[in-house]
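Notes to accompany the following structure.
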Amino acid sequence: QNRLTSRDLFTEYYYPYVGSENVFEIARSSDTFLFAVKLFESGDYARAFVLFDQYVDSSEFKEYASLYTGLTQMQMAKWEDAMVSLQRAIQADNIQMTYVARWYLGLCFLRVDDADSARKHFEILASSKNDYTVRSRRILRKIR
């Protein structure tokens, strides 16, 4: 079997996050945040980034803003910045968002060729029941 490079694995498993249904409920109280999510999902990453970045320190939207800031930075190929944002989202302790952030953080590590760090995140996801369990187990078999 041909060994895939970390970047090949990234390419195979990466797709932009679509989770607006999870966020719309929370974001109802903020038209601006909702608008930013819609910009993100329509592919207008530069404008979405500016809006999400305003919420990174807000108490209400902190973890979602950190997650979406990281996802937006990934779309703009700002891998190191994305990792910082996604790490912040994981620390926010919202369990659903933590899974999403951890999955994309693992992919970021693959993208910058750090398979060991990526593996740690996928192992955590693979060991609990979440939306990324199966994908994480698959990707782990290919990293090893």
Side-chain angles (χ1 to χ4, degrees), residues 4-143:
L4 291 172
T5 66
S6 293
R7 204 171 272 198
D8 292 337
L9 280 174
F10 170 86
T11 305
E12 183 179 335
Y13 282 87
Y14 177 77
Y15 53 89
Y17 177 69
V18 179
S20 52
E21 69 281 354
N22 304 331
V23 179
F24 285 156
E25 207 48 48
I26 296 119
R28 279 219 178 107
S29 61
S30 170
D31 291 341
T32 310
F33 197 84
L34 217 50
F35 181 60
V37 171
K38 287 178 178 166
L39 285 174
F40 174 81
E41 291 192 353
S42 72
D44 190 345
Y45 303 115
R47 283 173 66 205
F49 174 78
V50 172
L51 295 177
F52 288 133
D53 200 41
Q54 293 171 5
Y55 284 97
V56 168
D57 293 323
S58 83
S59 55
E60 197 181 356
F61 296 108
K62 185 182 210 140
E63 65 263 29
Y64 293 97
S66 296
L67 173 69
Y68 273 99
T69 300
L71 294 172
T72 306
Q73 289 162 324
M74 284 180 79
Q75 289 296 132
M76 299 190 300
K78 296 182 175 177
W79 309 109
E80 305 295 328
D81 293 340
M83 287 189 255
V84 171
S85 297
L86 293 169
Q87 211 98 50
R88 196 181 314 124
I90 290 169
Q91 289 160 359
D93 218 30
N94 168 326
I95 199 71
Q96 282 318 107
M97 286 297 103
T98 299
Y99 294 139
V100 178
R102 197 174 287 288
W103 170 255
Y104 282 97
L105 182 58
L107 289 175
C108 272
F109 278 118
L110 283 180
R111 183 61 182 67
V112 299
D113 238 2
D114 183 350
D116 288 339
S117 296
R119 187 180 295 115
K120 287 178 193 133
H121 292 284
F122 297 132
E123 282 170 352
I124 291 168
L125 290 169
S127 66
S128 65
K129 190 167 171 26
N130 62 73
D131 291 345
Y132 298 95
T133 306
V134 173
R135 275 175 275 187
S136 294
R137 287 178 183 157
R138 274 192 207 127
I139 207 167
L140 281 167
R141 282 197 296 269
K142 293 179 179 182
I143 290 175

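Side chains included, hydrogens not; waters and symmetry mates left out as well; all remaining heavy atoms used. Position 1 is the first residue of the sequence, and the numbers go up from there.
To the nearest 0.5 Å, atoms NZ (K62) and CG (L67) are separated by 14.5 Å. To the nearest 0.5 Å, atoms CG (L9) and OG1 (T11) are separated by 8.5 Å. The structure places CG of L86 at 10.5 Å from CH2 of W79, a figure rounded to the nearest 0.5 Å. The distance from atom CD of Q87 to atom OG of S66, rounded to the nearest 0.5 Å, is 11.5 Å.
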Quiz prompt | side-chain contact (heavy atoms from CB on, under 4.5 Å) between L125 and N130, worked out | solution = CA-CA 7 Å; L125 290 169; N130 62 73; 4.0 Å; yes
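Between F10 and M74, the closest side-chain pair of non-hydrogen atoms falls below 4.5 Å. Inter-residue side-chain proximity for E123 and L140 is flagged as met; some heavy-atom pair is nearer than 4.5 Å.
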Using distance only, find each side-chain donor-acceptor pair of residues 99-111 under 3.5 Å and give its atom names and separation, not counting sequence neighbours.
unit_1 : atom_1 : unit_2 : atom_2 : d
R102   : NH1    : H121   : ND1    : 2.8
Y104   : OH     : Y15    : O      : 2.7
Y104   : OH     : Y17    : N      : 3.2

Let me have the donor-acceptor pairs involving side chains of residues 45-53, under 3.5 Å, with sequence neighbours excluded, atom names and distances please.
unit_1 : atom_1 : unit_2 : atom_2 : d
Y45    : OH     : Q75    : NE2    : 3.1
R47    : NH1    : D44    : OD2    : 3.0

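Counting all heavy atoms, side chain and backbone alike, T98 lies closest to A89 at OG1-O, 4.4 Å. In terms of heavy-atom proximity, S127 sits nearest to I124 at OG-O, 2.9 Å.
Every residue two or more places apart in sequence or in another chain was checked for a side-chain hydrogen bond (donor to acceptor under 3.5 Å, both in side chains) with T32, and none qualifies. Under the rule for a side-chain contact (heavy atoms from CB on, under 4.5 Å), D31 has no partner lying at least two apart in sequence or in another chain. Scanning for side-chain contact (heavy atoms from CB on, under 4.5 Å) contacts around S58 gives Y55, F61, with sequence neighbours left out. Every side-chain hydrogen bond (donor to acceptor under 3.5 Å, both in side chains) that S85 has, sequence neighbours left out, goes to Q73. By the side-chain hydrogen bond (donor to acceptor under 3.5 Å, both in side chains) test, E12 is found to be paired with K142, residues two or more places apart in sequence or in another chain being considered. In this structure, the side-chain hydrogen bond (donor to acceptor under 3.5 Å, both in side chains) partners of D114, at least two apart in sequence or on a different chain, are S117. Annotation: side-chain contact (heavy atoms from CB on, under 4.5 Å) contacts of A115 (sequence neighbours excluded): S6, I143.
The closest donor-acceptor contact from the side chain of D81 to the backbone of G70 lies at 3.5 Å or more, if one exists at all. Between the side chain of R137 and the backbone N or O of A126, at least one donor-acceptor pair lies under 3.5 Å.
Looking only at atom types and distance, the side chain of D8 has a donor-acceptor partner in the side chain of T5 under 3.5 Å away.
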